[in-house]
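Nothing here was measured: the structure is a model prediction, and the numbers come from that model.
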Amino acid sequence: MRPIRRAAALARTIWKVRRGEACLPRMLTYIVTFACNARCVMCDSWRKDSQGDLSLADVERIFSRLPPMDAVRLSGGEPFVRKDLTDIARVAVSALEPALLHVTTNGFLTDRIVDFCERRPRTIPLKLLVSIDGVGDTHDAIRGHRGAFRAAMRTIEALAPRRKELRLSLAVNQTVVDAAGAAQYRELHAILAPLGIQNQVVVAYRASATYSIAQEANLAPSYPGQFEAFGDISPAELEGLFDAIESDLKSYARADRAAKRYYLDGIRNRLLAQEASPNPPCVAVRAHLRIFPNGDVPICQFNSRRLGNLREETFEEIWFGAPAESARTWVRACPGCWAECEVLPSAVYSGDIFKHALTTRGSLRRPKQSPA
């Protein structure tokens, strides 16, 4: 899709979202499998049943019926557990014509990851996030795998010098689970800096319906601004973490800086001031489509209620059916979460990220007060 057509489609989507209307999805998050070779303390994906994942033929048939996407995110579990991930990426690029392909990995399978980066279609850029949550034993303990840190760094070191050649944007996704991880932000930053790699931080939620072993769980927030962090981190420790991140934002590319500032502004306000700001209109089951490994279409990360299955029904039957309309009513009434994988699509497709960029004037807003 040409840039002008894509920009026009984005404008139409923003207009419909702001009016509360239904629209076609512009971003796809496809969890290719729940299977995982890690045993993370904050995630039960590895405990979930990974039988019945869509075959490559299923993916090709389903994707051929979807509208064009601006971005396709291939996630897991651990996506590289699937040996056909390169083929899935080829189908996604061919059928959905995205401007960006996004993959997050724990980095364990270095050879397979490098091979993917070499063989995947390079007609569009790839954004690869490697999960590293701390340094050495801290990361190994969080990921439940001895040698996890060494494996992830081996992947980073193999790909960092080849970013331009491979048309690759490479960064670390640091999930802050507790105070120990927060305290190691600077140390990890120092390790990555000589390689030109940023560690982009998210704060771990206590629970997620997507990665819960319960079927069709609803773990959405019960009031605006609610955020239950996975581990214990004091206000002072959070302040130190956020200040350190803010000082590094100037080195980010413009789009990444705007996205990270938006997320950090929201998480800082929620954790230190119990303030739900910013809080964009959610685009789940509107501009953002999620597909589970077996073809189920859920509502969002925090409500895994099944709207239908793309192996059994067409996209049109699911997207325009009564369950989806009911889900949109539910989404409009939801007080709003602050998980980055839900927040950023909502920020973009509601237009709120552009408003935020104009009003914050280049720095994270300080919370009005901190809890005692």
Side-chain angles (χ1 to χ4, degrees), residues 29-50 53 72-86 88-89 101-118 120 126-160 163 166 168-178 180-182 184-185 187-189 191-192 195 197-205 208 210-213 230-231 292-293 301 339-341:
T29 296
Y30 170 35
I31 299 176
V32 301
T33 186
F34 282 126
C36 192
N37 49 2
R39 299 292 182 265
C40 300
V41 298
M42 66 288 194
C43 175
D44 283 332
S45 180
W46 56 277
R47 302 179 191 272
K48 293 173 70 72
D49 183 6
S50 60
D53 290 354
V72 172
R73 179 164 53 195
L74 303 179
S75 183
E78 169 51 42
F80 288 99
V81 168
R82 286 198 64 152
K83 296 180 180 179
D84 60 354
L85 188 66
T86 302
I88 291 173
L101 185 68
H102 183 290
V103 182
T104 302
T105 174
N106 59 31
F108 292 5
L109 301 173
T110 300
D111 291 344
R112 192 176 294 181
I113 296 166
V114 172
D115 181 70
F116 172 87
C117 293
E118 292 173 338
R120 58 95 190 174
L126 168 66
K127 184 176 182 65
L128 185 72
L129 291 181
V130 180
S131 297
I132 304 182
D133 307 325
V135 176
D137 291 343
T138 298
H139 178 65
D140 290 2
I142 292 170
R143 295 282 158 173
H145 181 87
R146 188 172 183 179
F149 181 76
R150 289 197 307 273
M153 285 301 303
R154 187 162 55 245
T155 297
I156 290 286
E157 290 163 355
L159 290 173
R163 282 170 286 183
L166 297 174
L168 171 66
S169 171
L170 181 65
V172 160
N173 190 65
Q174 183 181 0
T175 301
V176 171
V177 172
D178 54 21
Q184 290 187 348
Y185 169 81
E187 185 178 354
L188 180 58
H189 182 85
I191 291 170
L192 296 171
L195 298 169
I197 303 297
Q198 296 161 342
N199 48 323
Q200 301 180 3
V201 169
V202 296
V203 178
Y205 258 100
S208 164
T210 296
Y211 301 108
S212 169
I213 57 176
F230 181 85
F292 277 177
Q301 180 174 334
E340 188 175 43
C341 59

At their closest point, which heavy atom of [X] faces which heavy atom of [Y], and how far apart are they?
X	Y	value
Ile213	Arg47	CG2-CB, 3.7 Å
Ser45	Gly76	OG-C, 4.4 Å
Ala171	Gln200	CB-NE2, 3.8 Å
Cys40	Trp46	O-NE1, 3.5 Å

Between [X] and [Y], is any pair of side-chain heavy atoms under 4.5 Å apart?
X	Y	value
Leu195	Glu157	yes
Pro79	Thr104	no
Asn173	Val130	no
Tyr185	Asn199	yes
Val114	Thr155	no
Ile191	Val135	yes
Val32	Asp53	no
Phe230	Val176	no

Once rounded to the nearest 0.5 Å, what's the spacing between atom [atom1] of [X] and atom [atom2] of [Y]?
X	Y	atom1	atom2	result
Thr33	Leu74	OG1	CG	12.5 Å
Leu166	Phe116	CG	CZ	11.0 Å
Asp44	Ser208	CG	OG	9.5 Å
Thr110	Arg154	OG1	CZ	4.5 Å
Glu340	Thr175	CD	OG1	9.0 Å
Leu126	Leu101	CG	CG	5.5 Å

Treating [X] as the side-chain partner and [Y] as the backbone partner, does any N or O pair qualify as donor plus acceptor under 3.5 Å?
X	Y	answer
Gln174	Gly181	yes
Ser131	Asn106	no
Thr210	Gln301	yes
Arg73	Val103	no
Lys48	Ser212	yes

Problem set entry | Check against ring-ring contact (aromatic ring centres under 6.0 Å, His included), Phe80 and Phe108 | CA-CA 9 Å; Phe80 288 99; Phe108 292 5; over 10 Å; no
For this session: Show your reasoning for whether side-chain contact (heavy atoms from CB on, under 4.5 Å) applies to Leu192 and Gln198.
Result: CA-CA 7 Å; Leu192 296 171; Gln198 296 161 342; over 6 Å; no
Pair up each side-chain donor or acceptor in residues 140-152 with any protein partner under 3.5 Å, not counting sequence neighbours, and list the distances.
residue	atom	partner	partner atom	Å
Asp140	OD1	Ala148	N	3.1
Asp140	OD1	Phe149	N	2.8
Asp140	OD2	Gly147	N	3.1
Arg143	NE	Asp133	OD2	2.8
Arg143	NH2	Asp133	OD1	3.3
Arg143	NH2	Asp133	OD2	2.8

Exercise. Is any side-chain N of the basic residue among Asp115 and Arg112 closer than 4.0 Å to the acidic one's carboxylate O?
Worked result: no
Exercise. Leu188 and side-chain contact (heavy atoms from CB on, under 4.5 Å): which partner among Ile197, Val201, Ile132, Thr138?
Worked result: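 For Leu188, the side-chain contact (heavy atoms from CB on, under 4.5 Å) check succeeds only for Ile132.
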For this session: Applying salt bridge (charged side-chain N to carboxylate O under 4.0 Å, His left out), name anything that partners Glu118, two or more places apart in sequence or on another chain.
Result: Arg162
Problem set entry | By salt bridge (charged side-chain N to carboxylate O under 4.0 Å, His left out) - contacts of Arg163 (at least two apart) | none
Exercise. Does the separation of the ring centres of Phe34 and Phe292 fall below 6.0 angstrom?
Worked result: yes
Exercise. Heavy-atom count around Asp84 CG within 6.0 Å, excluding the residue itself: above 12?
Worked result: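 Yes, because the 6.0 Å sphere around CG of Asp84 holds more than 12 heavy atoms from other groups.
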For this session: Could you check Leu159 against Cys117 for side-chain contact (heavy atoms from CB on, under 4.5 Å), going step by step and ending with a plain yes or no?
Result: CA-CA 9 Å; Leu159 290 173; Cys117 293; 4.0 Å; yes
